[in-house]
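Counting convention: from 1, in listed order, for ligands and their atoms alike. It should be emphasised that the depicted structure is a prediction, and the values quoted were computed from it without experimental measurement.
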Amino acid sequence: MSPPPRIPFLESHPKEWPTLFQSLGAQPFQGKIAAKWVFKKGVSSWEAMTDLPEQLRNELSQSSPLLLSQLERRYDSPDGATKLLLRYPDGASTEAVGMPGTQGQTICIGTQVGCPVRCQFCASGTDGLERNLTRAEILEQVLWLRQEMGDFHRLVVMGMGDPGFNLEPTLNALESLLDFEGMDLGARRVTLSTVAPINTIPALANWQHNINIALSLHSASEELRHELIPGLPKRSIRETLEEMEQLFAKNGREYTIEYVLLSGVNDSTQSAHDLADLLRDKRCHINLIPYNPVDGLGFSRPPDSVCGDFLNVLKTQSLSATLRKSLGASAEAACGQLRRRSKLG
Ligand code: SAH
């Protein structure tokens, strides 16, 4: 007799699990029980689901393991951040990060292996895009983090890749987390960050969940933004901001503008004034991120005084802005760097 086929449970919405169980000859309510174990209780092995019959658990463990990725390395940074290096069966790897926050843990997940956007200062895109992650692979990062580090308060989709270039699997994965039959995570606790390729923001505006959206801008100048983000097919900043304003009109939620401060590149007082001019009257909050240097990319972090002056220009013009205290900046813990190091051997 041939072994039962593998059912990729995490590729399906948790509300479909009863039907999947039925297709295996099990009871639909058992699918509901299993979804509860995974999404509500953070359990990712069939063996642990003690209120399912032992034979069913054994069969599922054999045929359909929930997690396909392996935890290759755990790195605990001295500032409290923890990074997990996950390896998928085809050899591709990604990072998932947990950081302590004021109200509990924040976790950060990626959406692609490598990144097509190739921001010149970022470790994630130095080799371009390797491949997209699937819905299940995006979810596995959350399940691994929960297993290793317990519950979390906030989820940020700010890891490797850009969700705008892999939107459908990303939103499907978030659906499993946001839906009440899944993890039942409040939309306010989720933030997605993107450079906003065409159609991304309108698609998010039409989506049923009002999560927080962050736009990575990095410059008020079209030319400099294009130089810094060469993988983003050229489109005007004004058009992108109009989309952001429409998103606000639709969901009533202020959006975030992310601006990585790079020494001598976009950190001058003039750049701050240009940014203030661009964003005056916009319904956004500006998050200034002092750069976490990545070896070999040729960018550096401005001195604290320069970051402070930049912030003050925005504030004196009554813009809502903060300077981020970067977590995980030590050694290998900045964005994309653990994986980069593992690739460099
Ligand atoms: N592709 C998405 C998610 C990237 S990570 C996006 O671009 O929005 C989230 C933020 O961290 C982005 O604004 C990104 O530009 C920034 N970032 C990337 N590498 C960084 C580094 N080394 N130091 C500081 N910020 C960085």
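- When only modelled atom types and interatomic distance are considered, S176 and H13 share no side-chain donor-acceptor pair under 3.5 Å.
- Residue I289 touches ligand 1 through its side chain alone, judged by heavy-atom distances below 4.0 Å.
- Heavy-atom minimum distance, T126 versus A123: OG1-O, 3.3 Å.
- There is no side-chain donor-acceptor pair under 3.5 Å between E242 and Q246.
- Side-chain contact, Q62 with N58: no donor N or O sits under 3.5 Å from an acceptor N or O.
- Under the 3.5 Å distance criterion, with hydrogens and angles disregarded, a donor-acceptor pair is assigned to the side chains of T82 and D76.
- Ligand 1 has no N or O atom lying under 3.5 Å from any N or O atom of R324, backbone or side chain.
- Comparing M158, H218, E258 against atom 14 (C) of ligand 1, the shortest heavy-atom distance belongs to H218.
- At least one heavy atom of T194 lies less than 4.0 angstrom from ligand 1.
- With a 4.0 Å cut-off on non-hydrogen atoms, D162 touches ligand 1 through its backbone as well as its side chain.
- The distance criterion of under 3.5 Å between nitrogen or oxygen atoms is not met by Y291 with respect to ligand 1.
- Relative ring orientation between Y291 and F299 is described as perpendicular, the plane-to-plane angle rising above 60° on a 0-90° scale split at 30° and 60°.
- With Y259 as the aromatic partner, R324 does not meet the cation-pi criteria of under 6.0 angstrom to the ring centre and within 45 degrees of the ring axis.
- Put simply, part of G161 is less than 4.0 Å from ligand 1, judged by heavy atoms.
- Contact annotation: for V294 versus ligand 1, heavy atoms closer than 4.0 Å belong to the side chain alone.
- Proximity to N292 (heavy-atom distance under 4.0 Å) selects the following atoms of ligand 1: 21 (C), 22 (N), 23 (N), 24 (C).
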